[in-house]
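Shown next, in structure tokens, is the structure this report addresses.
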Amino acid sequence: MKSPLLSLPGAVPGEGPDEGVAAHYGDLFREQRALADGTGFVDLSHRGVVTVSGADRLSWLHLLLTQHVSELPPGQATEALILSAHGHIEHALYLVDDGETTWAHVEPDSQGDLIAYLESMKFFYRVDIADRTGEYAVVHLPAGSITEAPEGAVVRETPHGRDLFLPRERLTAFAEESGPPIGVLAYEALRVEAHRPRVGLETDHRTIPHELGWIGSAVHLQKGCYRGQETVARVQNLGKPPRRLVFLHLDGSEVTLPSHGAPIRLASEGEEGRQLGFITSSARHHELGPIALALVKRNVPVDADLIADSTAAAQETVVEP
């Protein structure tokens with residue numbers, strides 16, 4: 001879904017999973033600094049919006065999600081995963097309940113598959129599932145922002161800022177009142193800095209929650225059964241995940257950033273060495289310079305110097321080996 005804010009001065013369209021919104025509005029680092037300072041807003045209107053209403057919504061979602069949501073208070077934000085039967089991550093939902101309806105935003109174009117799964121699990125429960133992407137746009141206000149949420153918006157407040165589920169017809173008016181607009185590249189750079197994983201970038205077909213540090217924030221270890229729980233419990237109690245998320249400081253002399261999927265190797269073995277992982281997300285940060293997240297094998301030494309393609313990379317531990 002193409003955002004009307006792409007018509008704003010200086011807007012450069014995003015690419016890949018963020019196609020449909022602005023990557024930036026002409027000055028990436030200025031936009032990052034504004035976001036870090038708590039000003040402006042980020043247009044995330046390409047993300048999917050799904051709602052679940054009905055008397056059984058929270059108890060029913062509790063059976064399907066990795067998070068404890070059966071008694072989720074109105075207005076309290078949380079996040080949750082849906083796993084495959086083998087415990088691999090399929091969806092990440094960023095949730096809030098308004099007392100009558102549970103709202104979630106998800107990765108762009110993933111809402112169809114998510115809704116198909118939810119519909120298949122309704123059985124006799126009193127729930128109504130809806131794709132609200134055409135009606136509501138997600139807008140992010142950074143932590144510290146004094147911008148007030150417009151009437152009619154549902155607010156999801158987290159330590160990183162507020163996500164607004166804004167009636168889509170009000171998006172242009174909101175932009176006029178709440179600028180400056182900030183592109184998704186700035187938002188992504190701060191996400192990488194904060195080590196926050198994203199489905200489709202930090203995940204592949206075999207990623208389990210332990211590898212990305214999602215235990216606790218999105219996976220509750222003391223709740224009842226859900227699909228994939230056996231894998232979560234087994235790894236938590238008996239073993240270690242095969243891979244781990246790391247944060248990388250990249251060589252700033254390189255002109256281009258290593259792209260998603262770029263192989264990670266030991267610097268001592270050079271570009272022909274064994275592949276030990278891959279780049280998941282990379283960004284240019286206004287203070288840290290070029291940075292990245294990567295998934296590497298668990299046994300990669302935490303102090304090892306790495307290379308991503310041909311770019312030197314120093315690692316920081318995100319998930320303990």
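Each residue takes its place number in the sequence, starting with 1.
Using the six-membered ring where Trp is involved, His68 and His62 have ring planes that are perpendicular, over 60° apart on the 30 and 60° scheme. Relative ring orientation between His105 and Tyr94 is described as parallel, the plane-to-plane angle staying below 30° on a 0-90° scale split at 30° and 60°. Between His86 and His88, the ring planes lie tilted relative to each other; the angle falls in the 30° to 60° range.
Salt bridge annotation for Arg57-Asp128: absent, with no cationic side-chain nitrogen under 4.0 angstrom from a carboxylate oxygen. Taking a cutoff of 4.0 Å between a charged side-chain nitrogen and a carboxylate oxygen, Glu271 and Arg265 do not qualify as a salt bridge. Look at Glu188 and Arg198 and you find a salt bridge, because one of the NZ, NE, NH1 or NH2 atoms lies within 4.0 Å of a carboxylate O, short of that distance.
Sparse packing is recorded around CD of Glu100, with 12 or fewer heavy atoms of other residues, nucleotides or ligands lying under 6.0 Å away. Within 6.0 Å of atom CG in Leu238, more than 12 heavy atoms from other residues, nucleotides or ligands are found, so the atom counts as buried in its surroundings. More than 12 heavy atoms of other residues, nucleotides or ligands lie within 6.0 Å of CD in Gln275, so this atom counts as buried by the packing criterion.
Between the side chains of Ser281 and Arg191, at least one donor N or O lies within less than 3.5 Å of an accepting N or O. Side-chain contact, Asp113 with Ser110: no donor N or O sits under 3.5 Å from an acceptor N or O.
Side-chain atoms of Leu83 and Val232, non-hydrogen and from C-beta on, do get closer than 4.5 Å to each other. Side-chain contact between Leu6 and Val12 is absent, with no heavy atoms from C-beta onward closer than 4.5 Å.
With sequence neighbours left out, Lys122 forms a side-chain contact (heavy atoms from CB on, under 4.5 Å) with Trp60, Glu119, Val127, Ile129.
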